[in-house]
Amino acid sequence: MSEAPIDGSVLVVNAGSSSLKYQVLHPATEEVIADGLAEQIGESTSRIKHWYRGHEVVLEGPLADHDAAIAAVLELFAADGVDVADSGLAAVGHRVVHGGRSFFEPTLIDDAVRSEIERICPLAPLHNPANLVGIDAVTALLPAVPAVAIFDTAFFHDLPAAASTYALDAAVADEYAVRRYGFHGTSHEYVSRKVAEVLGRDLTELNQIVLHLGNGASMSAVAGGKPIDTTMGMTPLEGLVMGTRTGDIDAGVVFQLARVAGMSIDDIDTLFNKRSGLKGMCGENDFRAVLQRVEAGDESAKLAYEVYLHRLRRYIGAYMIELGRVDAIVFTAGVGENAAQVRADSLAGLAGYGIEIDADRNAIRSPDPRVISTADSKVTVLVVPTNEELAIARQAMEVVGQTP
Ligand code: ADP
């Protein structure tokens, strides 16, 4: 083992309310050195799956909180002879979901930045508090390593006003920072840039529709590298149908459930974010299970799949009009990268608009970026695996002044 096995690398941290995903990687060489996930933090059934240079260990046993989880992860590194606090780690990059109106670029975390992230927590109560717990836990154990916050909203900061403004009383919107922020920005930015690379074209010349279809799902219209619209709004609830989230829904449903069903605001928040979407409609939020049930003729899964596709196609149509000319349609994230059926169904019957998928190319499974449209298709359709960790590591490195 080398003397400084993680020298010059970045620790990327994505903290959820009961989970902590991490990766150690070199932004320049793209080498992943370690990768892991701590789950069910705060319960008796916590476990950590930790991978370091080709070998994996699973640690089971209670982790009281995120501090305990990070401490356990550092011990796993120590077991492989790596003292993370003293091995030349260049930076920690923290994924922070909501940057509100304050943050629109990667930001070195100091006390003032930490307080501001805390102040905007009400905008993203399901996400930012967990991100902050992650920041505090890592900072406590690695106080000497610069920490950088990378915001999911940043890429969409300059959305045109027509796309970012809700048709709401302007004074109320302004007072409570109610606007459309957009999320998954790190992924939309990474993927749209990668498309230019793959096609050997200048990013500024390309009009793209990017479909980030994971458990959470969002779509963006990107003109010359700049987003002009996106499906998520003030929170990551708006837009596409997701694993457990409604996506677009008439706000009147909230009034109905509160007045008639007597549900509290918190009940409705949980219903819309955790018990809806595919899971709400057919009981499954894992897309593979939904597709298997569709195949087996299950009616509720079929309807859920149709609602999912209907929403996707509605936005594809909208973004074609907004962009005027579309050069590329790109699929990414768990469903977008793996589910050939979803790609085929979402673009079926669009040959009249110059969009044609090649069935053989679409069926190929590969971890590499690839074109899946026919040679004659006017619009190039691609699958581009996202890599948010790499994008976060690169941005963190730029902030600490060591451009990779
Ligand atoms: P997130 O990061 O939002 O949690 P991912 O991008 O990891 O989500 O995507 C998870 C989703 O991808 C799950 O719904 C999973 O079922 C789906 N998925 C993964 N592999 C496949 C596959 N081969 N076919 C269909 N769906 C898949």
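Order of appearance sets the numbers: ligands from 1, and atoms from 1 within every ligand.
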* Asked: Say you draw a straight line from NE2 of His26 to CG of Asp7; how long is it, rounded to the nearest 0.5 Å?
  -> 7.0 Å
* Asked: Is the backbone N or O of Thr374 less than 3.5 Å from a side-chain atom of Ser377, with the two atoms forming a donor-acceptor pair by type?
  -> no
* Do the side chain of Thr246 and the main chain of Asp248 share a donor and acceptor less than 3.5 angstrom apart? -> no
Between [Y] and [X], does any NZ, NE, NH1 or NH2 come within less than 4.0 Å of an OD or OE carboxylate oxygen?
X	Y	result
Glu31	Arg53	yes
Arg193	Glu189	yes
Arg275	Asp267	no

* Structure fact -> Closest heavy-atom pair, Ile316 versus Ser346, reported as atoms and distance to 0.1 Å, is CD1-O, 3.8 Å
At what distance is the nearest protein heavy atom to [atom], and which residue and atom is it?
atom	result
atom 4 (O) of ligand 1	Asn215 CB, 3.5 Å
atom 13 (C) of ligand 1	Phe287 N, 4.1 Å
atom 22 (C) of ligand 1	Asn338 CB, 3.3 Å
atom 24 (N) of ligand 1	Arg288 CG, 3.5 Å
atom 16 (O) of ligand 1	Asp286 OD1, 2.5 Å
atom 17 (C) of ligand 1	Val335 CG2, 3.7 Å

* Beyond-backbone contact of Leu213 with Tyr308, side-chain heavy atoms, under 4.5 angstrom -> yes
* Asked: Does ligand 1 have an atom under 4.0 Å from some heavy atom of Gly243?
  ->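 Per 4.0 Å heavy-atom rule, Gly243 does not contact ligand 1.
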* Are Val342 and ligand 1 in contact, using a heavy-atom cut-off of under 4.0 Å? -> no
For [X], counting its heavy atoms only, list the atoms of ligand 1 lying under 4.0 Å from any of them.
X	value
Asn285	14 (O)
Gly216	3 (O)
Ala333	6 (O)

* Hey, would you say the His98 and Phe151 ring centroids sit under 6.0 Å apart? ->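 No, too far apart.
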When you compare ligand 1 with [X], is there at least one nitrogen or oxygen pair between them that comes in under 3.5 angstrom?
X	value
Ala339	no
Gly334	yes
Leu213	no
Lys21	no

* Asked: If we ignore angles and hydrogens, is there a donor and acceptor under 3.5 Å between the side chains of Asp202 and Thr204?
  ->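 There is such a pair between these side chains.
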